[in-house]
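The block underneath contains the structure these notes are about, expressed in structure tokens.
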Amino acid sequence: MLTAKLLADRRGLIFLAILAAAAILVPALNLLTPEGSALHVPTYAMSLMGKYLTYAILALALDLVWGYCGILSLGHGAFFALGGYAMGMYLMRQIGPRGVYGNPVLPDFMVFLNWKELPWYWYGFDWFPFAALMVVAVPGLIAFIFGWFAFRSRVTGVYLSIITQALTYALLLAFFRNDMGFGGNNGLTDFKDILGFNIQSDATRAGLFALTALTLAAAYLIARSVVMSKAGKVLLAVRDAESRVRFLGYRADNYKLFVFTLSAMMAGIAGALYVPQIGIINPSEFAPGNSIEVVIWTAVGGRGTLVGPAIGAILVNFAKTTFTTGALAPYWLFALGGLFVLVTLFLPKGIVGTASDYLARRRAAGAKPEPVAAPTPDPAE
Amino acid sequence: MTSVVTPQEPAHLTSSLLYLDDVSVSFDGFRAINKLSLSIQPGEMRAIIGPNGAGKSTMMDIITGKTKPDTGDVLFEGTTDLTRLDEAAIAHLGIGRKFQKPTVFENQTVEDNIHLALKSDRTVLKNLFWGISADEQAKIDKILVTIRLAADRDRLAGDLSHGQKQWLEIGMLLAQDPKLLLVDEPAAGMTDAETIETAKLLKEIARDHSVIVVEHDMTFIRDLGVKVTVLHEGSVLAEGPLDVVSADERVIEVYLGR
């Protein structure tokens, strides 16, 4: 039954197949073809694509809460950054005595600040399994606590969106401070290796790219299995008629809390994959604007479709790279804002939502309607 | 202080399914419910009428836990104090509610709507599975026939007509298998044929459930043929068969309008 339902998800299968192909082909074309060959994928391009894929995971995570449960989080960048910092702390500890100051334990910025010993919250981050746990545990815990208070107090709609912005802004200010012990303004950088592999080498970059593609595939499968379950139907119901759900005897708060926490964990993993490919994590990742961009990617791709936001993240960021490296750079934000307005007005269901509506209309009527029909546009919900 | 005082509860209280005693609630100084007392017996169907602002919807809100009364008791099955519970807990006890405006899950199929309402474990972890048991499927099928929507099971609830949505919502109530159904204006916005069908449907349901119906439509109330309570300014004005109530001078004054 489960396999049958999975196989019925044609859109998802195509998406997974493309990801699997990318996970094999891109690293192969990078490592096995000579530089200068027409087929060669340069390492910087591979890492750039890897970055897009981490953004795709983030957008997929946002879609889970926004598209399926109506929680418009404008603070998902915070969970992404927290996961990134957890990974960054591991990578800092791997530098060891190879830092500028040669201190075997303290990262350079701590030596520079004249710190004598490692703060307690850095303990354990030299051990990869612990750091990996923190990548999901820290964003998950913060989302849980935040959600516990917000959902129980029945904060919804615009008000919830505003406090998620406040959350990421508060973290931005906190991480800017040198005495927080996370490298202040400069953040964490100058990484050397990850799990013993040189972080600059093509092979490591290829491995990270493949891992990111496979993680996106796994995130899709997890999200898909949640939204197809009965709990997923409850989430949709919460989005569309929350009080009805309560009168049916469901504790809507618990469902929101579950999906919000799960989504924050996914965002954390995305951030952890982002940092080694980019080589730096700093407080600007907490900037409120970043979280709003994630919403734009999701809306452009089509919220409530899972595949759409991933595609939206890749397309918008590809456009961003193209734009901001050319003469048009100063106009990028206008283009992004314009894109959001146009999509909201003319493609309220986004690229994938609109395309699947079109296909559904063309197909003969009578087939069972897709239960995850994209919602009517309501930016505040 | 020699005699032992045993609190003597009136007989109708202990046998009542629902018992409201001296309930009051104000919003910003406006007394929506004013010393309201009401009791519903197990298996009873009761119609509640009253002009706009009489407190009908507020009464529903109090029973289902959406609004907390300032004073007074709301007892379910003689012992459970509903004023201490939230909506989900009250739904668990067996009180289902149909809203005035049909509230169904528009982006999901008719069948999924019933599936979501079906009495079952409501926790997140127990619901992270796919599919549906044969037993549940049988219950869903039965309800779909009862509410005359068996042929529309795969349609999105949002595509149904207004009357069909009302029925779907009643079906969702049935799926919860509540002891008491609160039905707010089930015939509002329906065609005459649909109204007659709805009265039939409610009478079918009342055979094995207690039902409170709030309604404006007098013909509909007459079709139901049950005891009527008239609310006015947040308290009970009259109670009895429709013919008796509608002959009451005060009822004619406040309800039928002067």
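Just so it is clear, the model here is predicted, and its values are computed rather than measured. Letters A, B, ... mirror the listed sequences (proteins, then strands); counts begin at 1.
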Verify whether one side chain among B:N113 and A:R244 offers a donor that lies under 3.5 Å from an acceptor in the other. no
Does the ring center of A:F151 lie less than 6.0 Å from the ring center of A:F144? no
Is it the backbone or the side chain of B:L93 that comes under 4.5 Å from a heavy atom of chain A, or both, or neither? neither
Among side-chain atoms of A:Y255 and B:N127, is any donor-acceptor pair under 3.5 angstrom? yes
If you count heavy-atom pairs under 4.5 Å with chain A, which of B:H115, B:E106, B:K119 comes out on top? B:H115
Under 4.5 Å from any heavy atom of chain A, what part of B:A89 do you find: side chain, backbone, both or neither? both
Just so I understand: if I count every heavy-atom pair under 4.5 Å between each of B:D121, B:T103, B:T123 and chain A, which residue has the most? B:T103
Heavy-atom pairs under 4.5 Å with chain A - which of B:E169, B:R153, B:M172 has more of them than the others? B:E169
Under-4.0 Å salt bridge between B:K56 and B:D184: no
Select one option (side chain, backbone, both, neither) describing which atoms of A:V245 are under 4.5 Å from chain B's heavy atoms. both
For B:H162, which of B:K165, B:Q166, B:Q164 qualifies under side-chain contact (heavy atoms from CB on, under 4.5 Å)? B:Q166
Taking only residues two or more places apart in sequence or in another chain, which ones pass salt bridge (Lys or Arg N to Asp or Glu O under 4.0 Å) with B:K139? B:D135
Taking side chain as everything from C-beta outward and backbone as N, CA, C, O, which of these in A:F258 sits under 4.5 Å from a heavy atom of chain B? Side chain, backbone, both or neither. side chain
